[in-house]
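A quick write-up on the structure given underneath.
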Amino acid sequence: MVWDLLGGLAVSVEIFVFTLLLALPLGFVVALGRLSRNRLLAATLRVYISVVRGTPLMLQIMFVYFAPYILFKLPLSHYPRFLATVLAFALNYAAYFAEIYRGGILSIDRGQHEAAAALGFTKGQTFFRIVLPQVVKRVIPAVGNEVITLVKDTSLAFTIAVTEMFTIAKQLSSANTTMAPLVAAGVFYYLFNFLVAWSMERLEKHYAYYE
């Protein structure tokens, strides 16, 4: 049982890692788009964020998986379930990260931009050398909360039959008529989350340079 669950845990970890690799930078791009002076771009991204945050992740996973077949008649056998899962997760979490980043950017006092301009900094230099380091420090707690939530949300991959840890635990529990696999899966999720929370706490302390 344990080895089966560890195999499922490996899939959960892969979903977690690939989601972060895609969602963290994509969220930053979306945040910059939301702050753009281009009204059409900003409005489009606002709708995207509104839809993503206003609908269940489970529904989004199903949409991403079945949309190519519905729209382009692409056979589902040509579209890996794991890829669809990662894309759905990345699009979902990018929207949340974007709003966190946007809030962090807007929290920087306007006077810092004016002071940087007076010192001869370009807008790009001001953003990357002055604004961005402060934004990173301020958004770490909120990003950490989303990362912890992602660990638990990986269980939603069962929606399109991706055999991550929760799916395997349910199968083992049903086959053996026992709750033990589900309890064991809960322990694995807790340990995974504990490690992630510890890592985020260490990162937060690393950037706490004013304390």
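The residues of the chain are indexed from 1 along the displayed sequence.
Looking only at distances, a side-chain donor or acceptor of T44 sits under 3.5 Å from a matching main-chain atom of L40. Using modelled atom types, no side-chain atom of N92 and backbone atom of A88 make a donor-acceptor pair closer than 3.5 Å. Side chain of N176 to backbone of T178: no donor-acceptor contact under 3.5 angstrom is found.
Every residue was checked against the salt bridge (charged side-chain N to carboxylate O under 4.0 Å, His left out) condition with R138, not counting sequence neighbours, and none meets it. For F18, the ring pair (Phe, Tyr, Trp, His ring centres under 6.0 Å) criterion is met by no residue, not counting sequence neighbours. Residues meeting the side chain to side chain donor-acceptor pair (under 3.5 Å) test with Y48, sequence neighbours left out: none.
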Report task. Starting from the C-alpha separation in whole Å, work towards a yes-or-no answer on side chain to side chain contact (heavy atoms under 4.5 Å, CB included) for V52 and Y93. Result -> CA-CA 9 Å; V52 168; Y93 274 84; over 6 Å; no

**Report entry** Intermediate values then yes/no, side chain to side chain contact (heavy atoms under 4.5 Å, CB included), V196 and F16
**Finding:** CA-CA 11 Å; V196 170; F16 174 82; 3.9 Å; yes

Report task. Carefully, step by step, assess E164 and T167 under the rule side chain to side chain donor-acceptor pair (under 3.5 Å). Result -> CA-CA 6 Å; E164 43 66 59; T167 300; 2.5 Å; yes

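Heavy-atom minimum distance, A90 versus L26: O-CD2, 4.4 Å. Nearest heavy-atom pair across V51 and Q60 is O-NE2, 4.3 Å. Scanning all heavy atoms of the two residues, the minimum distance from I148 to A197 falls at CD1-CB, 3.9 Å. Nearest heavy atom pair, residue T154 against residue S12, reads CG2-O, 3.8 Å.
Listed by first then second residue, pairs satisfying salt bridge (charged side-chain N to carboxylate O under 4.0 Å, His left out) with a partner in residues 172-201 read E201-K205, not counting sequence neighbours. Sorted by first and then second residue, the pairs that involve residues 23-46 and meet salt bridge (charged side-chain N to carboxylate O under 4.0 Å, His left out), not counting sequence neighbours, are R34-E99. Pairs passing the salt bridge (charged side-chain N to carboxylate O under 4.0 Å, His left out) check and including a residue from residues 175-185, sequence neighbours excluded, do not occur.
Taking the ring axis of Y189 as reference, the NZ or CZ atom of K152 does not stay both within 45° of it and closer than 6.0 Å to the ring centre.
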